[in-house]
Amino acid sequence: MTSGAGGSAVSTITTATPPLQAPIVAAAPVPVQPQDQAQRPGRAARRLERAVVIFPSDSANVGDLAKARLAELSVLLKQAARVRIVGYTDDIGDQALNDKLALARALAVASQLRQLLGQASQTPLIPSGRGLCCYLVANQSWGARAANRRVELLIELEDTPGNAWLIDRHQPLLAGPAMVRFPSAGGARAAS
């Protein structure tokens with residue numbers, strides 16, 4: 001355990017072989033500032049929360065434990081104004097392959113969320129893929145590449161006391177640099 005930026009604890013996992021786990025990584029909330037309340041009367045302030053699902057190499061399968069964590073978030077997701085689901089890859093493979101894989105990851109998470117929320121849910125789920133871009137860290141090691149193989153859930157919520165309570169309740173899944181590891185749906189492979 002080491003100390004990260006701001007003195008928070010960061011767990012580091014070092015392994016000689018690729019991990020056979022698909023973690024959910026959480027990040028701190030990002031407030032969404034309305035442009036000008038005077039220009040948009042009657043519109044409530046919103047905030048953006050972020051959760052991340054990490055995938056094994058060359059996989060778009062959501063593992064069982066990652067599904068369980070998404071199920072825990074479903075109460076919060078039901079309150080969302082919308083959820084953007086953006087898939088990413090590492091730098092292995094060509095652009096076309098990575099674009100397809102990034103979108104497949106986003107669609108897999110969107111499908112899982114639709115099952116959890118139910119077909120009647122009013123929460124818009126907006127999946128998209130962005131292969132070979134937008135890396136969290138440089139792709140200089142297996143562990144770094146693993147952090148980049150992800151789907152980010154950008155959860156837009158009305159900034160209300162009820163939603164604040166739900167966000168506080170789900171903080172372990174949303175905030176801080178903590179990484180929780182879950183078994184993947186498949187083993188590690190040679191592509192991103």
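Note that the coordinates shown come from a computational prediction; the quantities given were computed from them, not determined experimentally.
- Side-chain atoms of Arg105 do not come within 3.5 Å of backbone N or O of Phe55 as any donor-acceptor pair.
- Ile126 and Val52 end up in different hydrophobic clusters when Ile, Leu, Val, Met, Phe, Trp and Tyr side chains are linked at under 4.5 Å.
- Taking CG of Asn163 as the reference point, atom CG of Asp168 lies at 11.0 Å (rounded to 0.5 Å).
- For the atom pair CD of Glu152 and CZ of Arg50, the computed distance is 4.0 Å after rounding to the nearest 0.5 Å.
- Counting all heavy atoms, side chain and backbone alike, Gly131 lies closest to Gln95 at O-NE2, 3.1 Å.
- To the nearest 0.5 angstrom, Lys78 atom NZ is 11.0 Å from Leu166 atom CG.
- With sequence neighbours excluded, the residues forming a side-chain contact (heavy atoms from CB on, under 4.5 Å) with Ser74 are Leu116, Leu117, listed by chain and number.
- The side-chain contact (heavy atoms from CB on, under 4.5 Å) test applied to Ala80 returns Val83, Thr123, Ile155, Leu157, not counting sequence neighbours.
- Alongside Leu103, the hydrophobic cluster contains Leu107 (criterion: ILVMFWY side chains under 4.5 Å).
- Using a 4.0 Å cut-off between charged side-chain N and carboxylate O, Asp159 and Arg46 make no salt bridge.
- Proximity of Pro56 to Arg149: side-chain heavy atoms (C-beta onward) are nowhere separated by under 4.5 Å.
- Arg82 is linked by a side-chain hydrogen bond (donor to acceptor under 3.5 Å, both in side chains) to Glu156, counting only residues two or more places apart in sequence or in another chain.
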> Ile167 and Arg47: side chain to side chain contact (heavy atoms under 4.5 Å, CB included), yes or no, with the steps?
Replying inline: CA-CA 10 Å; Ile167 291 165; Arg47 65 186 288 166; 3.5 Å; yes

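- Expressed to the nearest 0.5 Å, how far CG of Asp99 lies from SG of Cys133 amounts to 8.5 Å.
- Residues meeting the side-chain hydrogen bond (donor to acceptor under 3.5 Å, both in side chains) test with Gln79, sequence neighbours left out: none.
- Nearest approach of Gly87 to Ala106, heavy atoms of both residues: N-CB, 3.7 Å.
- Qualifying side-chain contact (heavy atoms from CB on, under 4.5 Å) partners for Ala104, counting only residues two or more places apart in sequence or in other chains: Ala60.
- For the side-chain hydrogen bond (donor to acceptor under 3.5 Å, both in side chains) test, residues two or more places apart in sequence or in another chain that qualify with Glu72 are Arg69.
- Residue Val53 comes nearest to Ala66 through the heavy atom pair CG1-CB, 4.4 Å, listed as atom of the first residue, atom of the second, then distance.
- Taking the side-chain contact (heavy atoms from CB on, under 4.5 Å) definition, one finds that Ala108 meets it with Val62, sequence neighbours left out.
- By the side-chain hydrogen bond (donor to acceptor under 3.5 Å, both in side chains) test, Arg84 pairs with no residue at all, sequence neighbours left out.
- Using a distance-only test at 3.5 Å, with no hydrogens or angles considered, a donor-acceptor pair links the side chain of Asn98 to the main chain of Ile92.
- Residues Leu153 and Leu113 have side chains in contact (heavy-atom distance under 4.5 Å, counting atoms from C-beta outward).
- Taking OH from Tyr88 and CG from Leu136, the interatomic distance works out to 8.5 Å, rounded to the nearest 0.5 Å.
- Interatomic distance, Asp94 CG to Lys100 NZ, rounded to the nearest 0.5 Å: 11.0 Å.
- Val151 and Val137 fall into different hydrophobic clusters, where Ile, Leu, Val, Met, Phe, Trp and Tyr side chains are chained together by heavy-atom contacts under 4.5 Å.
- Listed by first then second residue, pairs satisfying salt bridge (Lys or Arg N to Asp or Glu O under 4.0 Å) with a partner in residues 121-138 number zero, not counting sequence neighbours.
- The two residues Thr89 and Ala102 come nearest to each other via the heavy atoms CG2-N, 3.8 Å.
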